[in-house]
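Quick note: numbers below take in every heavy atom, side chains included, and nothing from hydrogens, waters or symmetry partners. If you're wondering where the values come from, they're calculated on a predicted model, not measured in any experiment. Each ligand, and each atom within it, is numbered from 1 in the order the structure gives.
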Amino acid sequence: MNKWGKLSLGMLLVAGLMTGCGNNNKENNAATGSSANTNSSTASKTLTLGTSADFPPYEFHKVVDGKDTIVGFDIEIAKQIAADMGAELKIKDLAFDSLLNELSSGRVDIVISGLSPTPERAKAVGLSDIYYKAEQAVVVREADKDKFATMDSLKGMKLGVQTGSIQEDIAKGIEGAQLTSLGKISEIVLQLQSNRVDASIMEGPVAKSFVKNVKGLAITDAKPEVEDDGYVIGVKKGNDELLAQVNKTLTRLNSEGKIDEYVAAASELAEK
Ligand code: ARG
């Protein structure tokens with residue numbers, strides 16, 4: 001039995017655990033725990049990562065050795081980029097819809113957060129090569145699995161989506177849909193559990209992780225279509241040096257088969 005079943009948690013506790021007890025703007029030092037300055041070009045180099053750690057298996061909170069830690073396959077990639085640069089990785093857990101602004105204003109150096117490339121985003125920031133691909137999924141209460149088996153069946157329904165995500169755009173394109181846009185995926189899950197929304201659209205791997213860990217949810221056969229089904233890393237517009245470094249690390253990780261390895265390990269960790 002997994003930890004959710006064992007504890008038979010109340011909904012609030014589930015939300016608390018999945019959001020790292022509500023620490024929205026928490027900073028973690030992934031490597032050593034020592035804090036450093038934010039400038040990535042000084043002698044003691046720091047690479048500051050901006051991410052929204054509500055997204056298992058990409059980035060999520062997990063108690064490791066009794067300590068709240070941000071883990072996930074995006075984090076493993078970030079560690080590799082930092083290592084290749086000889087920099088210390090610092091992680092900022094932020095609201096997803098604030099990430100690209102934080103990048104443009106220089107408060108974070110890179111964004112790795114299951115970020116999908118869109119033409120709009122490509123105008124605002126620098127985007128790396130695609131490092132992973134996944135499909136979109138529709139999550140509902142178990143009893144509604146067959147009722148929402150097609151995208152058409154979502155017309156006029158109440159949909160929960162993450163603020164500023166491409167899923168919000170997908171939902172906006174569904175005729176008559178009533179949107180509830182929220183900051184954290186766990187909040188959307190609560191809305192589903194408490195009958196305040198009918199369905200949610202999220203990345204397939206994230207959907208799978210939540211359905212495994214939270215009782216009473218299911219993934220339907222509906223297949224949301226997106227143009228760009230891959231994930232990229234964001235850097236500040238014009239920071240071509242860092243972008244080249246990021247792509248170089250991604251090429252290395254791909255050729256070593258590391259990314260699939262990280263995905264598998266993070267998916268396992270998300271289920272424990
Ligand atoms: N792939 C979607 C997007 O780029 C959602 C990403 C959400 N990421 C997160 N860590 N919550 O809009």
Legend entry - Within-cut-off N or O pair, Leu115 and ligand 1, under 3.5 Å: no

Inset, instruction - Just jot down the ligand 1 atoms closer than 4.0 angstrom to any heavy atom of Ile166, in number order. - result: 2 (C), 3 (C), 12 (O)

Inset, instruction - Could you tell me which atoms of ligand 1, counted from 1 in the order shown, lie closer than 4.0 angstrom to a heavy atom of Gln167? - result: 2 (C), 5 (C)

Legend entry - Heavy-atom nearest neighbour of atom 3 (C) of ligand 1 within options Gln162, Arg121, Glu168: Arg121

Inset, instruction - Considering heavy atoms of the protein only, find what lies nearest to atom 6 (C) of ligand 1 and give residue, atom and distance to 0.1 Å. - result: Gly114 O, 3.3 Å

Inset, instruction - Give a yes or no on whether a salt bridge exists between Glu261 and Lys258, defined as a side-chain N under 4.0 angstrom from a carboxylate O. - result: yes

Inset, instruction - State whether the shortest distance between N or O atoms of Asp54 and N or O atoms of ligand 1 falls below 3.5 angstrom. - result: yes

Legend entry - Proximal atoms of ligand 1 relative to Glu59 (non-hydrogen, under 4.0 Å): 10 (N)

Legend entry - Candidate with minimal heavy-atom separation from atom 8 (N) of ligand 1, of Ser113, Ser52, Ala95, Pro117: Ser113

Legend entry - Check against salt bridge (Lys or Arg N to Asp or Glu O under 4.0 Å), Lys123 and Glu120: CA-CA 5 Å; Lys123 269 184 215 154; Glu120 219 177 49; over 6 Å; no

Inset, instruction - Determine, for Lys248 against Asp84, whether the closest basic-nitrogen to carboxylate-oxygen distance falls under 4.0 angstrom. - result: no

Legend entry - Min N/O separation Thr51 to ligand 1 under 3.5 Å: no

Legend entry - Ligand-residue contact atoms, ligand 1 with Glu203, heavy atoms, under 4.0 Å: 1 (N), 2 (C), 5 (C)

Inset, instruction - Taking the six-membered ring for Trp and the full ring for Phe, Tyr or His, determine whether the centres of Tyr58 and Phe73 are under 6.0 Å apart. - result: yes

Inset, instruction - Under 4.0 Å from a heavy atom of Phe96: give me the atoms of ligand 1 that qualify, with their elements. - result: 3 (C), 4 (O), 6 (C), 7 (C), 8 (N), 9 (C), 12 (O)

